[in-house]
Amino acid sequence: MIISEFERDVYRVVKLIPKGKVSTYGQIAKKIGRPDSARAVGNALNKNPFAPLVPCHRVVKGNGELGGYNGGCSNKQKLLRTEGVIIKNNKITDFEKILNKFDN
DNA sequence: GTGTTGACCACAG
DNA sequence: GCTGTGGCCAACA
């Protein structure tokens, strides 16, 4: 399985998200140097060649909603709650508090 | 090779 | 607050 440098960066950053925290497509995109390519980030995670390795459940939309990945990672929501992330109606409670902004 | 689509975000009206 | 448009990367028809 060979992937592009872009996707590799995406997975690298996503894996850096600490337990109990989440991030957004936009933040990840910005971190890897493509602030306008949140779509490509989602696409990379959609393929998800590192399914258990990349915590896709810690990646959500910019407004705190879970997003459309819900179909494949629904059980991960419960896992997030176990890690301390409160999820309410497919939305993250205290989203800004647990949001891991890769702000260097 | 061109156009469309996809787990999206930001800006303008 | 909602809608439309522009923007990036990769995959598919």
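Letters A, B, ... mirror the listed sequences (proteins, then strands); counts begin at 1.
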A:Phe50 and its side-chain contact (heavy atoms from CB on, under 4.5 Å) partner, picked from A:Val10, A:Ile3, A:Val14: A:Ile3

Whole-Å distance separating the CD1 atom of A:Ile28 from the P atom of C:dC9: 17 Å

Separation of A:Phe6 atom CZ from C:dA11 atom P, in whole Å? 11 Å

Rounded to whole angstroms, how far apart are CD1 on A:Ile3 and C1' on C:dC9? 13 Å

Could you give the NZ-to-P distance, from A:Lys61 to B:dA7, as a whole number of Å? 11 Å

How long is the line joining NZ of A:Lys30 and P of C:dC8, in whole Å? 16 Å

Check the distance between C:dG7's C1' and A:Ile32's CD1 and give it to me in whole angstrom. 14 Å

Would you say that A:Ile92 contacts A:Ile86 through its side chain, given a criterion of any heavy-atom pair below 4.5 Å between the two side chains? no

Below 4.0 Å: OP1/OP2 of C:dA10 and any side-chain N or O of A:Ser4: yes

Can you tell me how far P in B:dA7 sits from the matching atom in C:dG7, rounded to whole Å? 22 Å

On DNA chain B, nearest-nucleotide positions of A:Asn43 versus A:Gly26: which is more 5'? A:Asn43

Are the side chains of A:Ile32 and A:Phe102 in contact, using a 4.5 Å heavy-atom criterion? no

Shortest non-hydrogen separation from A:Lys88 to A:Thr93 and the atoms involved: CB-OG1, 3.6 Å

Neighbour count >12 (heavy atoms, 6.0 Å) for atom NZ, A:Lys15: yes

Value in whole Å for how far the C1' atom of B:dA7 lies from CD1 of A:Ile92: 14 Å

When rounded to whole Å, the CG to P distance for the pair A:Asn63 and B:dA7 reads 16 Å

DNA chain C: A:Asp36 or A:Lys47, which has the more 5' nearest nucleotide? A:Asp36

Of all the nucleotides listed (B:dA7, C:dA10, B:dG6), which has the minimum atom distance to the side chain of A:Arg39? B:dG6

For A:Arg34, which contact category applies under a 4.0 Å heavy-atom criterion: base, sugar-phosphate, or nothing? sugar-phosphate

